[in-house]
Protein chains: 2
Amino acid sequence: MNKKNVTFSDIAAYTNFSKTTISRYFNNPDSLTEENQKIIADALTALDYKENKVARILANGKTEFIGIIIPSLFFRFFSEMLDKILGTYETYGYKFLVFLGDEKKEAEEKYLQELLAYKIEGLIIMSHTISSGELASYHVPVVAIEREAEHIFSVETDNYKGAFEAAQILSEDGCQALFHINSFPDEQEPDYKRITGFCDCAQKSGLPYRVLRENFGFEYEDTHSKLKRMFEEIEKEYPDKRKGVFISNDTHANIFMNIVLRYGRRVPEDYEIIGFDDSPASREAIIPFTTVGQDTKRLAEAAMELLVRQIEARKKRHADQELQPEHRVVEPAVIRRESTLNLVQHKTQEEK
Amino acid sequence: MNKKNVTFSDIAAYTNFSKTTISRYFNNPDSLTEENQKIIADALTALDYKENKVARILANGKTEFIGIIIPSLFFRFFSEMLDKILGTYETYGYKFLVFLGDEKKEAEEKYLQELLAYKIEGLIIMSHTISSGELASYHVPVVAIEREAEHIFSVETDNYKGAFEAAQILSEDGCQALFHINSFPDEQEPDYKRITGFCDCAQKSGLPYRVLRENFGFEYEDTHSKLKRMFEEIEKEYPDKRKGVFISNDTHANIFMNIVLRYGRRVPEDYEIIGFDDSPASREAIIPFTTVGQDTKRLAEAAMELLVRQIEARKKRHADQELQPEHRVVEPAVIRRESTLNLVQHKTQEEK
DNA sequence: TTGTATGCGTTATCAG
DNA sequence: CTGATAACGCATACAA
C-alpha cells in the first residue's frame with residue numbers, strides 16, 4: 001500500500017500521452033483538445049493523483065512562499081497584523097512561513113537564513129533586531145512594518161500625526177497636565193515619533209507635560225507594578241489637576257486605566273486616557289477608551305502590495321537595478337470613546 | 001550580476017572535489033578530513049554559497065514543514081496557541097505554514113490541498129469545519145487541538161472538569177442561582193463538555209441553574225448587545241439573589257462583567273464571574289476575574305509531541321499499519337481572582 | 001575517506 | 001496541438 005506517489009510519468013503511461021502533455025494540462029490546459037483534457041482528467045481521478053509543488057518549485061523556481069518574522073503575538077497589534085496578512089492569501093495566493101522573533105537577534109538571523117534557504121520570494125519583517133541595512137544586503141524583496149526601514153520598503157502608521165492629535169485632544173478637552181507613557185525606542189523606530197508628536201503638540205499647548213519611560217516586558221505583574229508607580233508619581237505631582245495621559249499601546253492603556261479607577265479617580269473627569277492601536281482591549285474595557293487607531297487591514301494590504309511589486313520587478317529587470325525603497329504611510333484614525341470628554345465645551349454649554 | 005545561484009557543482013569544480021563530497025560536508029562532515037572540511041568551508045564563503053532546501057526536499061523527501069489551520073486570531077486562545085506552537089521551532093526545527101480557516105469549509109479544504117501539495121510532514125488543525133474522518137482519510141500525520149477528533153490524534157483541555165470545578169466554586173461560594181453562557185457546540189466539540197460539566201455540578205448543587213446560548217460572532221457590538229440581553233434576562237429572573245455566571249471564554253466574560261458593573265451591580269457581591277482560558281483579558285480586567293486556565297504551552301507541546309511521534313512512526317512502518325489515535329488531555333487549572341469570593345466562609349469568619 | 005551514477009517530479013526548450 | 005530531452009540542485013546506493 002505504500003506505493004510511490006503517482007507522478008506525471010504514471011499518468012503519461014496510463015493515458016499514452018507524454019509527461020509534457022500532462023504538465024500542460026495543469027499549466028496551459030487550453031492548448032489541449034477538450035477530448036484529451038477529459039481523458040487526462042479521468043486518469044487523474046482514476047490514479048488518485050496528488051500534485052507535488054516541491055518538484056514544480058525546483059523546476060520553475062517559484063516557491064510562492066513569503067516569510068514572516070514577527071516579534072511575538074503577545075501584543076494584540078501583532079496578532080491582528082498577522083491575521084490580516086494571512087488573510088491576503090485569497091487575493092495573492094502566497095503561502096506564509098511564520099517565525100516568532102522573540103527579540104533575539106541571533107535567533108532571528110537564523111530564521112532569516114532558514115527562510116532564504118527555502119527560497120522565499122519575499123519577506124515581511126515586523127521585528128526590529130536586524131537592521132534594514134543588513135536586510136537590504138540579502139537582495140530579497142522585503143517590506144518592514146512599523147519598524148526602522150531606512151534601506152528597505154516599509155509600511156507604517158503616521159505615528160507622529162496620531163500622537164500629535166492625541167495630545168491635542170487632551171489639551172483641548174481641558175486637561176491641565178499632559179503625560180505620555182512609552183518605552184525607550186530608537187530614533188528610527190515608529191514609536192519614537194509618537195514621543196515627538198506628543199511633545200511637539202504639548203509644547204505648543206503651553207501646558208506642563210512629561211514623558212514617562214520604562215522598559216516594559218511581556219510580564220503582566222511587572223508591567224502592572226511599573227504602571228502603578230507611574231500613576232503614583234503623576235498623582236503626587238499634580239494631585240488636584242485634571243490629567244491627560246497618552247499611552248503608546250492599548251494593552252498598557254487598559255492596565256493603566258484600571259489602576260486609575262481602582263484608586264478612586266474618575267475617567268474622564270480626573271484623568272483623560274488615550275491609547276494606541278484600536279485593539280479590542282480599547283473597546284472591551286470597563287470604560288471604552290479613546291485610542292489612535294492603526295488600520296491593520298490597510299497596513300497589511302499595503303505591505304503585500306509593495307512586496308508583490310518588488311517580486312514582479314525582480315522577474316523583469318536585472319538584479320543589479322533594484323527598485324528605490326518606498327515608504328508607505330497609513331493615516332491613523334483617532335477613535336473617540338468615553339475616556340475623553342471636552343469638559344470646557346461641556347461646561348460652556350451647560351451655562352447657556 | 002544576476003548569476004545563477006552557486007550550487008554544489010560550482011563548489012566541486014572550485015575545490016576539485018565531487019558533488020558528493022560537498023553534500024557530505026553538510027550532512028556528515030565527520031566523514032571528511034579536517035583539512036578538506038576547511039577547504040570546502042573556505043570555498044563556501046569565497047563563492048558566497050546559499051543553501052537550497054527545496055532541492056534537498058526533492059531529493060530526500062523531507063520538507064520539515066508542518067501545516068497549521070487555525071480559525072482566526074480573534075480569540076486570544078488561538079493567537080496564544082499559535083504563539084506557543086511556533087515557539088517549538090527551537091526544539092523540533094519544523095517550519096510552519098499557517099492558514100486562517102475563517103470558518104469556511106470550502107476554503108479550508110483548499111488550504112488543506114495546498115498544504116498537501118507542499119508535502120507537509122504533519123498537520124495541526126484547530127478549526128472544526130473539516131471532520132476528523134475526512135482528515136484521517138488523507139493519511140497524513142495530524143493532531144487536532146480543542147476540536148472534534150474521533151478518528152485522529154488530539155490534544156485538549158479537560159473541559160468537563162474545568163467547567164465542573166467552575167460551577168462548584170460558584171455554588172460553594174454561596175451563589176443562589178447559576179448560569180452558563182455558551183454557544184451551540186456539537187456534541188463532539190470540547191465546548192460541549194463545558195456545558196455538561198457545568199450542568200452536572202449545578203444539578204448536584206440543587207441550586208436553580210440555566211444555560212444561556214447564543215451564536216456569538218466576531219463583532220464586538222453584536223456580542224455586546226447579546227450579552228447585555230442575557231444580563232437583563234438574568235436580572236429580571238433573579239433580581240435579589242446572588243448570581244454565579246460561568247462564561248465559556250474570557251473575552252465574553254470580560255464584556256459581560258463590564259456590563260454587570262456598569263449597571264451598578266457588584267462583583268463578586270452580586271455576581272460571581274468565571275471565565276475560561278486564562279487569557280490576558282482575565283488578568284487585565286478592571287476586576288481581575290477567576291478563570292479556568294488552559295495551559296496553552298502544554299497543549300502546544302503535547303500536540304507537537306504527538307505529531308512528531310506519528311512522523312517518526314511513518315518513517316519506520318509500512319503505511320498500512322497506522323498508529324492508533326491517541327487523545328491527550330491536559331488538566332485545567334482554575335485560577336482564582338477577585339471575581340469570586342466565598343461569602344459563606346467569609347461571614348462565618350467575621351462572626352467569630 | 002572519496003567518487004560515479006542515478007533518481008526525486010516537475011517545467012522549459014526545441015522540434016515536429 | 002504534442003513529444004523527446006535536458007535542466008532544476010541535492011541525496012544516496014554502490015564502488016573504489
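Labels below follow one simple rule: chain letters A, B, ... track the order of the sequence lines, proteins then strands, and each chain is numbered from 1. Keep in mind that what you see is a predicted model, and the values were worked out from it rather than measured.
Under the rule for a ring pair (Phe, Tyr, Trp, His ring centres under 6.0 Å), the partners of B:Phe8 that lie at least two apart in sequence or sit in another chain are B:Phe26, B:Tyr49. Residues forming a ring pair (Phe, Tyr, Trp, His ring centres under 6.0 Å) with B:Tyr138 (at least two apart in sequence, or on another chain): none. Listed by chain and number, the residues in a side-chain hydrogen bond (donor to acceptor under 3.5 Å, both in side chains) with A:Ser72 amount to none (sequence neighbours excluded).
In this structure, B:Asn28 places its CG atom 17 Å from P of D:dC10, rounding to the nearest Å. Following rounding to the nearest Å, B:Leu58 (CG) and C:dT6 (P) show an atom-to-atom distance of 18 Å. Regarding B:Lys119, its NZ atom lies at a distance of 10 Å from the C1' atom of C:dG9, rounded to whole Å. Straight-line distance from the CZ atom of B:Phe17 to the C1' atom of C:dT1: 10 Å, rounded to whole Å. The nearest whole Å value for the distance from the CD1 atom in A:Ile40 to the C1' atom in D:dC1 is 12 Å. Rounding to whole angstrom units, CG of residue B:Asn5 and C1' of D:dC10 are separated by 13 Å.
Counting only residues at least two apart or in different chains, salt bridge (charged side-chain N to carboxylate O under 4.0 Å, His left out) contacts with residues 138-150 of chain B comprise B:Glu146-B:Arg194. Evaluation of the side chain to side chain donor-acceptor pair (under 3.5 Å) test over residues 295-304 of chain A, restricted to residues two or more places apart or in two chains, returns A:Glu80-A:Thr296.
Neither OP1 nor OP2 of D:dT2 sits under 4.0 Å from any side-chain N or O of A:Thr21. Here B:Ser18 reaches the OP1 or OP2 of C:dG3: one of its side-chain N or O atoms lies under 4.0 Å away.
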### Message
Between B:Thr91 and B:Thr88, does the side chain to side chain donor-acceptor pair (under 3.5 Å) criterion hold? Intermediate values first, please.
### Response
CA-CA 5 Å; B:Thr91 62; B:Thr88 66; 5.1 Å; no

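Checked against the 6.0 Å centroid threshold, A:Tyr89 and B:Phe99 count as a close aromatic pair.
Against DNA chain C, the stretch residues 45-52 of chain A makes heavy-atom approaches under 4.0 Å through A:Tyr49, A:Asn52.
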If you look only at distance, which donor and acceptor atoms sit under 3.5 Å apart when one is on a side chain in residues 32-45 of chain A and the other is two or more places apart or in another chain?
residue : atom : partner : partner atom : Å
A:Thr33 : OG1  : A:Asn36 : N            : 3.2
A:Thr33 : OG1  : A:Asn36 : ND2          : 3.2
A:Gln37 : NE2  : A:Pro29 : O            : 2.9
A:Gln37 : NE2  : A:Leu32 : O            : 3.3
A:Lys38 : NZ   : A:Asp42 : OD1          : 3.2
A:Lys38 : NZ   : A:Asp42 : OD2          : 3.3
A:Thr45 : OG1  : A:Asp42 : O            : 2.8

N/O donor to acceptor pairs below 3.5 angstrom from side-chain atoms of residues 53-61 of chain A, sequence neighbours left out:
residue : atom : partner  : partner atom : Å
A:Lys53 : NZ   : B:Glu114 : OE1          : 2.9
A:Asn60 : OD1  : A:Lys62  : N            : 2.8

## Note on the structure
Under a 4.0 Å heavy-atom criterion, the protein footprint on nucleotides 11-16 of chain D, written with B, S and -, is BBB---

